Amino acid sequence: MTKKKEVKEPVDEKLGSDPFLVEIGRRIKKLRVDAGMTQEHLGNVAGVSSAYIYLTERGRQNMTLSVFRRIAAGLKAPIEDLLSDAELQAAPTDRSVHQLVHVVDKLNEFMNTRNEQDKALTKEVEKVAASHEQLMKFLKDGSKGKPPR
């Protein structure tokens, strides 16, 4: 009788083994990054070290409810959002709004430049069309007089 060889899927050594803690950590990290916070800043606000936040975000730290509450407060997020099965929807931050305004401004500049280029191109096409019309008239009239410029 042959023994079946068990195939193990690669494991991310940096993530914890408890899927619940890994998911909580993923949500904490998403909120932290969306808020433009560093691990050190969140740790300071929650009264823990940046290493603690690092381990928490990877699902390797089983935090107390007290620390969990302080982390949620530091992220300005209700605890229920971190525990909910629903997909996490972070509120817009000043940083994300600023980035969006910057992108919209750049897009507006691009569109204005493009409109100016289109107007200039249209004028050039109109000039070429007028020259073509004059040339066709000149050729039709039997090449009398000076050719158009």
Side-chain angles (χ1 to χ4, degrees), residues 1-137 139 148-149:
M1 181 156 86
T2 59
K3 190 175 179 183
K4 283 189 177 180
K5 212 175 198 183
E6 192 175 311
V7 179
K8 290 185 178 180
E9 291 188 27
V11 177
D12 185 346
E13 297 291 330
K14 293 180 182 178
L15 293 179
S17 59
D18 184 339
F20 177 74
L21 291 178
V22 170
E23 180 61 20
I24 297 291
R26 183 190 69 78
R27 290 171 183 223
I28 288 171
K29 181 175 182 177
K30 180 177 181 354
L31 285 171
R32 178 183 62 78
V33 170
D34 287 349
M37 296 174 78
T38 63
Q39 289 175 340
E40 183 177 11
H41 182 238
L42 179 56
N44 288 338
V45 170
V48 296
S49 68
S50 59
Y52 190 97
I53 299 297
Y54 171 87
L55 293 172
T56 300
E57 289 180 354
R58 277 144 194 81
R60 293 172 54 196
Q61 180 65 52
N62 193 357
M63 66 194 124
T64 65
L65 289 174
S66 175
V67 171
F68 186 60
R69 182 183 49 77
R70 292 194 316 256
I71 288 174
L75 293 168
K76 296 181 174 81
I79 290 175
E80 352 12 297
D81 285 359
L82 295 173
L83 295 173
S84 170
D85 286 341
E87 187 57 34
L88 188 60
Q89 297 290 328
T93 62
D94 287 346
R95 180 179 177 197
S96 63
V97 170
H98 177 73
Q99 287 174 332
L100 180 61
V101 167
H102 177 72
V103 169
V104 169
D105 286 346
K106 286 291 185 190
L107 182 59
N108 193 31
E109 285 176 26
F110 171 79
M111 293 303 294
N112 287 337
T113 301
R114 184 64 190 255
N115 285 339
E116 290 172 17
Q117 291 171 342
D118 286 350
K119 287 177 185 176
L121 184 59
T122 300
K123 284 182 182 180
E124 287 300 315
V125 168
E126 288 170 352
K127 285 180 186 178
V128 169
S131 295
H132 178 264
E133 212 174 285
Q134 288 176 351
L135 180 59
M136 293 306 292
K137 184 178 180 191
L139 292 174
R149 292 188 150 198

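Along the sequence shown, the residues carry numbers beginning at 1. Predicted, not measured: the structure shown is a model, and the values here were computed from it.
- The closest side-chain heavy-atom distance from Leu83 to Phe20 is below 4.5 Å.
- Separation of atoms OG (Ser50) and NE2 (His41) is listed at 13.0 Å; rounding is to 0.5 Å.
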Query raised in the report: Would Asp18 and Asn62 satisfy side chain to side chain contact (heavy atoms under 4.5 Å, CB included), going step by step from the backbone distance to the final call?
Result: CA-CA 9 Å; Asp18 184 339; Asn62 193 357; over 6 Å; no

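- Using a cut-off of 4.0 Å between Lys/Arg side-chain N and Asp/Glu carboxylate O, Glu116 and Lys119 are scored as not salt-bridged.
- Heavy-atom neighbours of Gln99 CD from other residues, nucleotides or ligands within 6.0 Å: above the threshold of 12.
- Take Arg58 and apply the salt bridge (Lys or Arg N to Asp or Glu O under 4.0 Å) test, not counting sequence neighbours, and it matches no residue.
- Proximity of Val67 to Arg70: side-chain heavy atoms (C-beta onward) are separated by under 4.5 Å at one or more points.
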Report task. Under the side chain to side chain contact (heavy atoms under 4.5 Å, CB included) rule, what do Lys127 and Glu124 come out as? Steps first, then yes or no, please. Result -> CA-CA 5 Å; Lys127 285 180 186 178; Glu124 287 300 315; 3.7 Å; yes

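- Here the shortest heavy-atom pairing between Leu82 and Ala72 reads CD1-CB, 3.8 Å.
- For the atom pair NE2 (His132) and CG (Leu135), the distance works out to 7.0 Å, reported to the nearest 0.5 Å.
- The two residues Val45 and Gly74 make their nearest non-hydrogen contact at CG1-CA, 3.4 Å.
- Among Arg32, Lys14, Arg27, the one residue that satisfies the side chain to side chain contact (heavy atoms under 4.5 Å, CB included) test with Glu57 is Arg32.
- At a threshold of 4.5 Å between non-hydrogen side-chain atoms, the residues Val48 and Gln61 do not count as touching.
- Ion pairing between a basic and an acidic side chain is recognised when a charged N comes within 4.0 Å of a carboxylate O; Glu126 and Lys123 show no such pairing.
- The CD1 atom of Ile28 lies 7.0 Å from the CD1 atom of Ile53; values are rounded to the nearest 0.5 Å.
- Surrounding CG of Leu107 are more than 12 heavy atoms belonging to other residues, nucleotides or ligands, all under 6.0 Å away.
- Between Leu65 and Ile79, the closest side-chain pair of non-hydrogen atoms is not below 4.5 Å.
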